[in-house]
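Quick notes on the structure that follows.
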Amino acid sequence: MQALDAAAVRRWAAACVDALDAQRDAIDRINVFPVADGDTGTNLLTTMRAALDALLRASAEDGLAVGAALAALAKGALAGARGNSGIILSQVFRGLAEAIDGTPSATGPAVRAALRRADELALAAVSEPVDGTVLSVLHAASAAAESCGSDTLAEVTRAAAGAAAEALEETPRQLAALARAGVVDAGGRGLVVLLDALAAVVQGREDPAAAARPVTPSRVARAADALVAERESGSGDYAYEVMYLLDGLVPGREKDLVTRLRRELAGLGDCVSVVGDGERLWSVHVHCNDVGAAIEAGIETGRPHRISVVRFADQITEAARADRFVRERAVVALVRGEGVAELFSGEGATVLPVDPARPPTETDLLAVLAGTRAAHLVVLPNDRELTTLAEAAAEQAIRAGQDVVVVPTASPVQGLAALAVHDSARRPGDDVVAMAEAAAATRRGEVVLAQREAITWAGRCQPGDVLGLLDGEVVLIEPRPAEHRPAGDAELVTAACRLADRALASGGELVTVLLGESAPLRLAGMLEEHLRHSHPEVELTVYPGGQPDAVVLLGVE
């Protein structure tokens with residue numbers, strides 16, 4: 001590969017998730033600095049999953065440039081960052097995005113500059129940098145890329161990954177806590193996983209996640225002993241980890257406000273990080289004893305939200321995690337209509353029925369996610385309005401220890417397309433990418449009755465008119481037959497046939513139709529007859545959906 005493009009960035013992100021998932025437990029067990037809380041692997045994986053989720057949502061746009069793909073990763077990582085390691089990871093992605101912004105692809109020199117910028121931002125993210133941590137590993141990778149004698153992408157990434165691995169081996173000689181435990185730095189280990197995956201993607205390896213160097217078993221065992229000793233002796237000075245996102249800072253005063261916030265947090269504890277996405281969002285992290293004061297400092301600075309407080313003594317043990325999860329994978333779907341629910345259940349998904357009279361709450365969905373007792377979850381909201389709800393519940397589930405990704409399906413037909421390619425034998429990251437791509441490749445249409453007078457892209461509609469929508473926009477109007485009579489079966493059938501033709505204008509091989517509870521009985525037969533003449537090459541599948549809000553839902557693949 002001569003240059004990274006957005007597709008390669010997506011493969012890299014998926015490989016990072018898979019590799020971190022495979023090594024999460026081992027990385028957790030070598031986590032002895034700055035606090036022996038055994039969660040660095042989990043925090044990195046959670047942050048990386050949030051980054052991948054953001055990238056998958058952004059990838060629905062056509063022509064996504066590599067800089068935009070990296071920017072999506074950075075924003076997702078910042079918003080979903082867990083722990084100090086997650087904060088630093090978000091700044092690594094931000095540095096890569098800023099250096100490559102505006103370019104259609106990233107060559108060797110561009111990646112070299114990106115690593116240099118990532119090194120600068122990660123160092124600035126930590127209030128008191130220490131040698132022997134992930135910062136040392138990142139700096140070594142950047143320096144090796146800088147001094148690499150070749151400008152090819154493969155050589156630059158190989159040099160960076162190799163130097164990072166060598167720097168990781170030096171961390172016990174730089175940091176006494178690591179030397180006592182006989183382990184390398186956990187955050188640095190995670191960074192090596194990411195760089196190994198990047199080099200493997202560039203080299204075109206079929207399974208880039210497998211390229212990550214494993215954690216030495218003897219080191220894991222020694223770290224487990226060190227963690228027990230640290231916890232029993234109560235050597236930590238601070239009992240809580242406080243994190244929150246911050247926005248609403250007074251424009252023009254951001255730098256002064258952030259400087260003041262860092263100073264106030266440093267007076268309360270250590271491991272202080274206040275980092276931004278380059279626009280308006282900041283992520284705040286501190287280890288302290290006075291939780292209220294840490295949050296109050298954020299309130300005085302801007303608007304804190306997504307506040308997370310973890311008591312180090314309550315960290316989930318490996319045994320508790322093993323007892324909690326009895327399934328490896330699950331898919332959860334939000335659906336309207338009994339027929340649609342049966343379709344998703346028949347394909348193995350866990351279904352949350354959506355009652356129009358009582359829309360589901362975040363707590364409702366969170367209960368379903370926890371009830372699956374699955375370690376890895378994919379959520380299919382099947383409605384744009386429910387996507388925000390799904391993301392909020394996913395955030396809570398992630399904080400509780402599950403790995404959750406929301407695939408942004410805007411219709412049940414996209415959800416069914418995603419579920420059709422779901423393969424639990426694949427690595428979780430690869431499976432999520434395949435499901436997201438299948439959903440994005442499915443054009444969605446619907447036939448509905450207009451409820452009020454409005455101006456649409458297809459003209460003015462009146463209450464009772466039949467509307468045909470493609471990807472959320474009105475593209476045709478079938479007027480009601482008379483001013484005082486609503487549209488009947490004939491108008492509904494005509495609209496469905498016209499909409500199918502519009503959806504197939506740009507190509508397609510498979511049409512999936514879900515009939516709503518108000519769909520005419522003869523609609524399926526009439527539509528099949530119409531397509532047999534107008535598009536004989538197309539395969540049509542019709543199901544009784546029973547959805548109350550649309551006469552017809554239509555998907556074209």
Less than 4.5 Å apart, any side-chain heavy atom of [X] and any of [Y]?
X: C16; Y: V193; value: no
X: D465; Y: Q462; value: yes
X: M526; Y: E529; value: no
X: C461; Y: I477; value: yes
X: V275; Y: L78; value: yes
X: L153; Y: L4; value: yes
X: L476; Y: L467; value: no
X: D403; Y: I398; value: no

Okay, side chain of [X], backbone of [Y]: is any donor-acceptor separation there less than 3.5 Å?
X: T46; Y: N43; result: no
X: E478; Y: G468; result: no
X: W12; Y: A200; result: no
X: Q23; Y: A19; result: no
X: Y244; Y: S308; result: no
X: R460; Y: A454; result: no
X: D53; Y: V405; result: no
X: Q396; Y: L366; result: no
X: T409; Y: G415; result: no
X: R329; Y: S424; result: yes

Rounded to the nearest 0.5 Å, what separates atom [atom1] in [X] from atom [atom2] in [Y]?
X: L70; Y: F93; atom1: CG; atom2: CZ; result: 8.0 Å
X: E557; Y: T442; atom1: CD; atom2: OG1; result: 4.0 Å
X: L469; Y: E446; atom1: CG; atom2: CD; result: 5.0 Å
X: R24; Y: L44; atom1: CZ; atom2: CG; result: 11.5 Å
X: M1; Y: T157; atom1: CE; atom2: OG1; result: 9.5 Å
X: T388; Y: L386; atom1: OG1; atom2: CG; result: 9.0 Å

Is [Y] paired with [X] through a side-chain N to carboxylate O contact shorter than 4.0 Å?
X: E491; Y: R498; value: no
X: D471; Y: R443; value: yes
X: R280; Y: E254; value: no

Please evaluate residues R336 and D383 with respect to the criterion salt bridge (Lys or Arg N to Asp or Glu O under 4.0 Å), reporting the C-alpha separation (whole Å), side-chain torsions for both, the decisive distance (0.1 Å), and the verdict. CA-CA 10 Å; R336 292 184 175 93; D383 188 304; 2.6 Å; yes
Are E517 and Q547 close enough, and set up right, to give a side-chain contact (heavy atoms from CB on, under 4.5 Å), and what steps lead you there? CA-CA 6 Å; E517 60 184 15; Q547 66 274 6; over 6 Å; no
side-chain contact (heavy atoms from CB on, under 4.5 Å) between L554 and V511, intermediate numbers included: CA-CA 7 Å; L554 179 147; V511 176; 4.1 Å; yes
State which residue, out of V331, L380, V432, fulfils the side chain to side chain contact (heavy atoms under 4.5 Å, CB included) condition with H422. V331
Can you name the one residue among D18, D207, D21 that meets side-chain hydrogen bond (donor to acceptor under 3.5 Å, both in side chains) with R427? D207
Nearest heavy atoms of [X] and [Y], plus distance in Å:
X: S411; Y: R444; value: CB-CD, 3.9 Å
X: L389; Y: T361; value: CD1-C, 3.5 Å
X: I27; Y: L20; value: CD1-CD2, 4.3 Å
X: A374; Y: A330; value: CB-CB, 3.7 Å
X: A99; Y: A114; value: CB-CA, 3.3 Å
X: A54; Y: G76; value: CB-CA, 3.5 Å

Walk me through it: do E437 and V433 pass the test side-chain contact (heavy atoms from CB on, under 4.5 Å)? CA-CA 6 Å; E437 289 178 340; V433 169; 3.7 Å; yes
With side-chain contact (heavy atoms from CB on, under 4.5 Å) as the criterion, how do L96 and R117 come out once you've worked through the C-alpha distance, each side chain's angles and the decisive distance to 0.1 Å? CA-CA 7 Å; L96 297 175; R117 180 59 177 152; over 6 Å; no
Whether over 12 other heavy atoms sit under 6.0 Å from [X] [atom1]:
X: I455; atom1: CD1; result: yes
X: Q2; atom1: CD; result: no
X: R384; atom1: CZ; result: no
X: E385; atom1: CD; result: no

Between R94 and E279, does the salt bridge (Lys or Arg N to Asp or Glu O under 4.0 Å) criterion hold? Intermediate values first, please. CA-CA 11 Å; R94 178 185 166 189; E279 295 181 4; over 6 Å; no
Could you tell me whether the side chains of H376 and D431 share a donor-acceptor contact shorter than 3.5 Å? no
